[in-house]
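Per chain, numbering begins at 1; letters A, B, ... match sequence-line order. Remember, it's a predicted structure, so these values are computed and weren't measured experimentally.
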There are 4 protein chains.
Amino acid sequence: MEFNSNKSIYLQICDSICDRVLAGELKDQDRIQSVREFGAEIGVNPNTVARSYEKLTDDGIIYNKRGIGYFICDGAREQVLAEQRKEFLEVEWPAIKRKMELLGLSPDQLD
Amino acid sequence: MEFNSNKSIYLQICDSICDRVLAGELKDQDRIQSVREFGAEIGVNPNTVARSYEKLTDDGIIYNKRGIGYFICDGAREQVLAEQRKEFLEVEWPAIKRKMELLGLSPDQLD
Amino acid sequence: MEFNSNKSIYLQICDSICDRVLAGELKDQDRIQSVREFGAEIGVNPNTVARSYEKLTDDGIIYNKRGIGYFICDGAREQVLAEQRKEFLEVEWPAIKRKMELLGLSPDQLD
Amino acid sequence: MEFNSNKSIYLQICDSICDRVLAGELKDQDRIQSVREFGAEIGVNPNTVARSYEKLTDDGIIYNKRGIGYFICDGAREQVLAEQRKEFLEVEWPAIKRKMELLGLSPDQLD
DNA sequence: GTGGTCTAGACCACC
DNA sequence: GTGGTCTAGACCACA
């Protein structure tokens, strides 16, 4: 995990958790590490991890049991999948295609 | 010119100039607008435009003639092209491929 | 800190930091003052200090930890040394030699 | 003559004329080109050349015969020599020595 | 006219 | 608290 990129740390943490959900590493009702544990593990301020968990909670990916910890919501994988697909197809892919055209690259050459 | 709020204005100005170079609108030795002109035209502070020009100068896309203005470097188009291709192929495309895999999308479906 | 009026302040700040790195005062991973602290200390606008830090970052002398501050890069001393030696040997020294010739001075007389 | 350096053009012109005086190319009472001729030759605005001539006149290196042109002063070479030697010995050389020390270079290695 | 630099002050995201 | 960005306005050297 690289934190010197131009993306904010808390968003990178969100991404990494979403990726693990998508990959099936984290399943419904799995508990994720506490903000303190996770922060210590990756060398990040617990406040920052907390902010990530807050965002994921807002997005309905994880939920909090008070005093116990954070857990993956039921159907989280499907939700992440749907959300990211929509984002990808409607926003990212068109931009990528436009850029590849400008650069004179075709998708065929790349795969 | 419309500004996307999640990217800094000065970088968007750089991008727009690079795009115009790529598209062939700006050719070697063409003069670009003064920081004041351009700033007034797009409703941005001249200092912000100056910051863009400074970056483009560092990148070897434009150069300054003292007291006269900024001009497109010889070979700017090739350089922008090479730079952006490298960036795309080495950084962006791998990330895109990874993401598409995670999302269960294949390039074939998209074109 | 005293500023020489025929060189811009932000470059003099860069120089002073490089000098401190060369002298071993600032070592790898040392944190340098925040732009506000340093600005207040030397009586300069924080923006000006920020500009210096930005340049040093581009030069790979320091790096930024988001929300924390600026730190000396590993190997910064060696890099500054190599860079300045190269500049001196390839650009400055030949000019000095030429000038001494024109002035009829020889290095032997001077040391 | 390269004008993209960080030194102002009019000062570079002064330097080049002083160098030619030092080298003996320009002798007492030689006429130098008109601002227009010289400007056209080196691709510089005549105003800029005029500014150089003005400075050299102030410095007593050249003088103006109204309607005729600019000429090298008697004893110009000696004067330039004395002036530059003083500047070099008192200001530049000490700075150079200091820098070489910092960079771990000795004059002996360089000649 | 051109750009280069600096200041002051503001707002923001982030840690 | 940190830096990042932007604005407004100023002064300067230079062409």
One should read off an interatomic distance between A/Leu102 CG and B/Phe88 CZ, to the nearest 0.5 angstrom, of 11.5 Å
Interatomic distance, D/Ile96 atom CD1 to D/Lys99 atom NZ [nearest 0.5 angstrom]:
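Answer for the CD1-NZ pair, D/Ile96 versus D/Lys99, is 9.5 Å.
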Would you indicate what A/Val44 reaches in the nucleic acid, counting non-hydrogen atoms under 4.0 angstrom: base, sugar-phosphate, or nothing?
nothing
Using a cut-off of 4.0 Å on non-hydrogen atoms, how would the nucleic acid contact of D/Asn47 be classed: base, sugar-phosphate, or nothing?
nothing
Taking only the side-chain nitrogens and oxygens of [X], find out if one of them lies under 4.0 Å from OP1 or OP2 of [N].
X: C/Arg36; N: F/dT2; value: yes
X: A/Ser8; N: E/dC14; value: yes
X: A/Arg51; N: E/dC14; value: yes
X: D/Thr48; N: F/dC14; value: no
X: B/Ser34; N: E/dT2; value: yes
X: B/Tyr70; N: E/dG4; value: yes

[X] [atom1] - [N] [atom2] separation (whole Å):
X: B/Tyr63; N: E/dG3; atom1: OH; atom2: P; answer: 14 Å
X: B/Leu11; N: F/dT5; atom1: CG; atom2: P; answer: 7 Å
X: D/Tyr10; N: F/dA15; atom1: OH; atom2: P; answer: 9 Å
X: B/Asn6; N: E/dC11; atom1: CG; atom2: C1'; answer: 17 Å
X: B/Asn64; N: E/dT5; atom1: CG; atom2: C1'; answer: 14 Å
X: B/Phe71; N: E/dG3; atom1: CZ; atom2: C1'; answer: 12 Å
X: B/Glu54; N: E/dT5; atom1: CD; atom2: P; answer: 7 Å
X: D/Ile9; N: E/dT2; atom1: CD1; atom2: C1'; answer: 12 Å

In terms of the angle between their ring planes, are A/Trp93 and B/Trp93 parallel, tilted or perpendicular, with boundaries placed at 30° and 60°?
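Plane angle between 30° and 60°, so tilted.
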Among E/dC6, F/dG3, E/dC14, which is the nearest nucleotide to the side chain of C/Val35?
F/dG3
Against the side chain of B/Asn45, the closest entry in F/dA8, F/dA15, E/dT2 is F/dA8
Walk me through whether C/Glu54 and B/Arg51 qualify under salt bridge (charged side-chain N to carboxylate O under 4.0 Å, His left out).
CA-CA 12 Å; C/Glu54 195 183 355; B/Arg51 190 171 180 189; 3.1 Å; yes
Hunt down the Watson-Crick or G-U wobble partner of F/dA13, both distances under 3.5 Å, from any strand shown, or write none.
E/dT2
Quick check: on DNA chain E, is the nucleotide nearest C/Lys7 upstream (toward 5') of the one nearest B/Gly69, or the reverse? Name the residue that is more 5'.
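So the residue in question is B/Gly69.
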Is any side-chain heavy atom of C/Ile32 closer than 4.5 Å to a side-chain heavy atom of C/Phe38?
no
Does any part of the side chain of A/Tyr10, heavy atoms only, come nearer than 4.5 Å to the side chain of A/Asn45, both counted from C-beta?
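Side-chain contact under 4.5 Å: no.
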On DNA chain F, check which nucleotide each of C/Ala50 and C/Arg31 is closest to and give me the residue with the more 5' one.
C/Arg31
